[in-house]
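See structure below.
Below, all heavy atoms of this structure are taken into account, side chains as well, without hydrogens, waters or symmetry copies.
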Protein chains: 2
Amino acid sequence: MEMKTMVDEEINMHEEMRRAFALLSGKWKLEIMWLLNQRVYRFGELRKAIPGITQHMLTVQLRELEADGLLSRTIFAEVPPRVEYEITQKARGLGPTMEALTAWWREYGKSVPIKPSARGRKSKIA
Amino acid sequence: MEMKTMVDEEINMHEEMRRAFALLSGKWKLEIMWLLNQRVYRFGELRKAIPGITQHMLTVQLRELEADGLLSRTIFAEVPPRVEYEITQKARGLGPTMEALTAWWREYGKSVPIKPSARGRKSKIA
DNA sequence: CGGAATCCCTGCTGATACTG
DNA sequence: CAGTATCAGCAGGGATTCCG
């Protein structure tokens, strides 16, 4: 019988977590889920709330999140049409994650450079 | 004088959060940060730990995370070369976020379909 | 070992047009 | 309103090769 170490647990957990990362790693998915964690949104509201996203990409990302069971899509048979997106029960469990992320940014956000990605080079030599 | 509502706060917070999403929305960044939240990793370790990532993409993502101040890169003047990646102080604040995400997946992960994205269509009519 | 450089191809944006 | 469809243009990601 082998003893399971904490490192083993982390490795195995990582394997499981990879599915979770896949669900949320879409280009706009974190932002969409963050918004839907607050309230129900209509398609047009999301589009206005997320500057830079194209209507095509918004559609695609919403469809994927729906297929992955993270949000539900409700069509109202009205004129003009209305479609509402709501977080599902299981995705509601992401609430604490979203709140922790928000709290982190509230505290450390201002200490992060504005648009440095892919420019600076400041590696240390040891 | 206008009264600030909670909705106003959420809207303004969203505007600030968009920078945070940008930092973490890279295709592999959530996973990289999740790993680095546990311990220091060498380049080769990360590559082995993240099946599917190319060495080019790993380099790019690490450089961006470094430029954004989320990790530090330390080069050891040895033969063979060794480079270690470590989470920075400010990114350590992401710990609670990572733990909340892990806890969520531990509880709801098994109820999420395997690879449904971009296939199923189950919108409700209301 | 940990890259950088190269080429190539997929994917996203942006614009526009059309539909239930 | 909330999509779908199409196309041009560019950026990003994948595969391969080379190097200190």
Side-chain angles (χ1 to χ4, degrees), chain A residues 18 21-22 24-32 35-36 40-67 71-86 115-126, chain B residues 18 21-32 35-36 40-68 71-86 117-126:
Chain A
R18 304 196 78 225
F21 300 136
L24 297 172
S25 287
K27 185 167 185 183
W28 307 93
K29 290 184 180 177
L30 266 183
E31 186 165 1
I32 292 172
L35 288 168
L36 290 186
V40 171
Y41 273 82
R42 295 181 56 172
F43 185 87
E45 289 178 323
L46 285 172
R47 191 159 47 78
K48 277 178 294 186
I50 309 178
I53 197 172
T54 64
Q55 152 214 64
H56 176 64
M57 277 311 295
L58 179 55
T59 300
V60 170
Q61 304 275 299
L62 288 172
R63 290 293 195 281
E64 291 185 4
L65 289 169
E66 183 192 9
L71 61 80
S72 66
R73 180 171 183 266
T74 305
I75 305 165
F76 292 85
E78 305 173 357
V79 177
R82 180 161 59 106
V83 179
E84 287 187 351
Y85 293 89
E86 182 175 11
K115 210 299 177 191
S117 303
R119 203 173 9 242
R121 189 73 65 85
K122 53 201 170 206
S123 309
K124 292 172 300 190
I125 311 286
Chain B
R18 303 195 78 225
F21 301 136
L23 299 190
L24 297 173
S25 288
K27 186 168 184 183
W28 308 93
K29 289 184 181 178
L30 267 184
E31 187 166 0
I32 292 172
L35 288 168
L36 290 185
V40 171
Y41 273 82
R42 295 182 56 173
F43 185 87
E45 288 179 323
L46 284 172
R47 191 159 46 79
K48 278 178 295 185
I50 309 178
I53 196 172
T54 64
Q55 122 242 71
H56 174 64
M57 278 312 299
L58 179 55
T59 299
V60 170
Q61 303 275 300
L62 288 172
R63 289 293 195 281
E64 291 185 4
L65 289 169
E66 183 191 9
D68 288 330
L71 61 81
S72 67
R73 180 172 183 265
T74 306
I75 305 166
F76 292 86
E78 306 172 358
V79 177
R82 178 160 61 107
V83 179
E84 286 187 352
Y85 293 88
E86 183 175 10
S117 302
R119 200 171 15 237
R121 188 75 65 87
K122 53 202 169 205
S123 310
K124 292 171 300 190
I125 311 287

Open item on the list: Are the side chains of A/Ile50 and A/Leu35 in contact, using a 4.5 Å heavy-atom criterion?
Closed with: yes

TODO: Please round to the nearest 0.5 Å and tell me the distance separating atom CG of B/Leu23 and atom CG of B/Leu30.
DONE: 11.0 Å

Task: Distance in angstrom units between A/Gln61 CD and D/dA2 P, rounded - done: 18 Å

- [ ] Would you tell me if any nitrogen or oxygen in the side chain of A/Arg73 comes within less than 4.0 Å of OP1 or OP2 on D/dG3?
- [x] yes

Task: Gap between atom CG of A/Leu46 and atom CD1 of A/Ile53 - 0.5 Å precision - done: 8.0 Å

Open item on the list: If the cut-off is 4.0 Å, is A/Trp28 near the phosphate of C/dT13, judged by side-chain N/O to OP1 or OP2?
Closed with: yes

Task: Residue-phosphate contact under 4.0 Å: A/Lys27 side-chain N/O, C/dT13 OP1/OP2 - done: yes

- [ ] Would you mind telling me which residue lines up with the more 5' stretch of DNA chain C, A/Pro81 or A/Gly52, judged by nearest nucleotide?
- [x] A/Gly52

Task: Stepwise side chain to side chain contact (heavy atoms under 4.5 Å, CB included) test for A/Lys29 and A/Leu65 - done: CA-CA 8 Å; A/Lys29 290 184 180 177; A/Leu65 289 169; 3.8 Å; yes

Listing time: all N or O pairs from protein to nucleotides 16-18 of chain D that are below 3.5 Å?
residue, atom, partner, partner atom, Å
D/dT16, O4, B/Gln55, OE1, 3.3

Task: OP1 or OP2 of C/dG2 under 4.0 Å from side-chain N/O of B/Arg47 - done: no

Task: Atom pair CD (A/Glu84) and CD (A/Glu45), whose distance is rounded to the nearest 0.5 Å - done: 8.0 Å

Open item on the list: Check this one for me: any side-chain N or O of A/Arg63 less than 4.0 Å away from OP1 or OP2 of D/dT4?
Closed with: yes

- [ ] Drop me the distance from A/Glu66's CD to A/Tyr85's OH, to the nearest 0.5 angstrom.
- [x] 7.5 Å

TODO: Starting at atom CD1 of B/Ile32, determine the distance to atom P of D/dG13, rounded to an integer number of angstrom.
DONE: 11 Å

Open item on the list: Expressed as a whole number of angstroms, how long is the span from A/Leu58:CG to C/dG14:P?
Closed with: 14 Å

Task: Interatomic distance, B/Ile75 CD1 vs C/dA4 C1' [rounded to whole Å] - done: 13 Å

Task: Nearest-Å distance for atom pair CD1/C1', residues A/Ile53 and C/dG11 - done: 14 Å

Task: pair B/Trp28-B/Leu58: side-chain heavy atoms closer than 4.5 Å - done: no

Task: Among D/dG14, C/dC1, C/dA4, the one nearest B/Thr59 by side-chain distance - done: C/dA4

Task: Distance in angstrom units between B/Glu45 CD and C/dG2 P, rounded - done: 8 Å

Task: Shortest side-chain distance from B/Arg42, nucleotide among D/dG13, C/dT13, C/dG2 - done: C/dG2

TODO: Report the distance from atom CZ of B/Arg82 to atom C1' of C/dG2, rounded to the nearest whole Å.
DONE: 13 Å

Task: Rounded distance in Å - CD1 (B/Ile50) to P (D/dG14) - done: 12 Å

Open item on the list: So, does A/Tyr85 get its side chain near the phosphate of D/dG3, meaning an N or O under 4.0 Å from OP1 or OP2?
Closed with: yes

